[in-house]
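Beneath this line is the structure, given in C-alpha cells, with notes to follow.
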There are 2 protein chains.
Amino acid sequence: MYHSSMARAATTSDAFNAVAEPRRRDILNYLALQERPVGDIVASLGLEQPSVSKHLRVLKDVGLVRARREGRHILYGINAEAIRPLHEWTSTFERLWRNQLQRVKERAEEKMKKV
Amino acid sequence: MYHSSMARAATTSDAFNAVAEPRRRDILNYLALQERPVGDIVASLGLEQPSVSKHLRVLKDVGLVRARREGRHILYGINAEAIRPLHEWTSTFERLWRNQLQRVKERAEEKMKKV
DNA sequence: TTGACATATTCCCATATCGGAATGTATCAT
DNA sequence: ATGATACATTCCGATATGGGAATATGTCAA
C-alpha cells in the first residue's frame, strides 16, 4: 500500500471483519442448516438480491462459504473450518468469565451465610 | 435514524464490530493477563496514546472492558462476560467443522485401505 | 437464436472508520 | 497557583463500507 493512512481494515481481510456485519451472520446462520441457492437466501432473509450476492462475495473471499454451480443455480454452503479461529480466540477468555461468574457466585453465598 | 442508507454498522454497536479491529483484539489479549493503565498498553503495543484511548473508548462502550481510576492512572480490565456472545455464536458451528473434519478423516482412511 | 431465469458486477451516495496532530481535562506534587 | 503527568477528546483527511438502481453475465428451454 502506498497510503499513509487507512480508514479501516478491509471487510474482506479476515473472518473477524466479515462476521461483524449482522446480515452476513444471518446468512451464515441460514446456511448452517443446509446448502442453498442465492434465491433462497434472498427470499428467506428478505434482502435485495444484489445485496445478498455482495455479502456472499465477501464471505467467499474470506473462506467462510463455498460455492458450486448446479445448473442455473449457485449453491452456497458453509465452510465451518473458517469459523474456528474466531471460536478459538474467544475461547482464550473462557477462563476469565468462568472466574468472574465464580466470584459472583461466591459473593452471593457469603451474603446468604450472613443472613 | 432519518437516513435511507447506512454505510456500515457502527463499530460501537456491538462486540462483533468492536473485535473486528485487530488492534482492539491486541488490547483485549493484553488486558486478559492483567488490569493495566493506558500507558502500559501504549508502551507494550507500540501505538499512539490517542489511538489507544480511542480504541478503549469503543471497547468500553460495548462493555468489553471496564475502567476505574487509581490516582492519576486509569486502570482498564476485561469484562469477559461480553465476549461470551461471540463464543456462543461461533459454537453453533462447532458441530459442522467437526463433521467436516470427520469426513476428511474418513476419506483419508478409505484411501489407505485401497493401497 | 431468443427469451426467461438466476446471479454477479458496477456505479453512485451518504456515512463510518482510523490515524495523526493538536488540544482539553483531571490528578498529584511542590 | 504552577507545573508535570496521564488520559481523553476534537478536528482533519483518506478511505472503506453497504444499500439502491441499473446493468452485465451465464445457463437453460423452446
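To find a chain, count down the sequence lines: A is the first, B the second, and so on, and within it residues start at 1.
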Exercise. Once the angle between the rings of Phe16(A) and Trp89(A) is folded into 0 to 90°, is it parallel (under 30°), tilted (30 to 60°) or perpendicular (over 60°)?
Worked result: perpendicular

Out of [options], which nucleotide sits closest to the side chain of [X]?
X	options	value
Lys54(B)	dG20(C), dA21(D), dT27(D)	dG20(C)
His55(A)	dG19(D), dA8(D), dA8(C)	dG19(D)
Arg69(A)	dA21(C), dT27(D), dG18(D)	dT27(D)
Ser51(A)	dA22(D), dG19(D), dT9(D)	dG19(D)
Glu21(A)	dG19(D), dA8(C), dT9(C)	dG19(D)

Exercise. Is Pro37(B) touching bases, backbone alone, or none of the nucleic acid, heavy atoms closer than 4.0 Å?
Worked result: sugar-phosphate

Rounded off to whole Å, could you give me the [atom1]-to-[atom2] distance for the [X] and [N] pair?
X	N	atom1	atom2	value
Gln49(B)	dA21(C)	CD	P	13 Å
Arg68(B)	dC7(D)	CZ	C1'	16 Å
Ile41(B)	dC7(D)	CD1	P	9 Å
Leu56(B)	dC18(C)	CG	C1'	15 Å
Leu47(B)	dA6(D)	CG	P	18 Å
Ile74(B)	dT25(C)	CD1	P	15 Å
Leu59(A)	dT7(C)	CG	P	16 Å
Asp14(B)	dA16(C)	CG	P	15 Å

Problem set entry | Presence of His73(B) side-chain N/O under 4.0 Å of dT27(C) phosphate oxygens OP1/OP2 | no

Problem set entry | Side-chain N or O of Arg57(A) closer than 4.0 Å to phosphate OP1/OP2 of dT7(C) | no

For this session: Return yes if a side-chain donor-acceptor contact under 3.5 Å exists between Glu88(A) and Thr92(A), otherwise no.
Result: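 The criterion, which ignores hydrogens and geometry beyond distance, is not satisfied for Thr92(A) and Glu88(A).
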
Exercise. Are side-chain N/O atoms of Ser53(B) and Gln49(B) paired as donor and acceptor at under 3.5 Å?
Worked result: yes

Exercise. Considering only heavy atoms and no angle criterion, is a donor-acceptor pair shorter than 3.5 Å present between the side chain of Glu48(A) and the base of dA21(D)?
Worked result: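 Flag unset: no donor-acceptor pair detected.
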
Problem set entry | Crowding at CZ, Arg23(A) (>12 non-hydrogen neighbours, <6.0 Å) | no

For this session: Specify the residue among Pro50(A) and Ala67(B) whose closest nucleotide of DNA chain D lies further upstream toward the 5′ end.
Result: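 It is Ala67(B) whose nearest nucleotide is closer to the 5' end.
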
Exercise. Relative to the 5' end of DNA chain D, which residue comes earlier, Arg72(B) or Tyr76(B), by the nucleotide with the nearest heavy atom?
Worked result: Arg72(B)

For this session: Mark yes or no for whether Asn79(B), through its side chain, and Arg66(B), through its backbone, hold a donor-acceptor pair below 3.5 Å.
Result: no

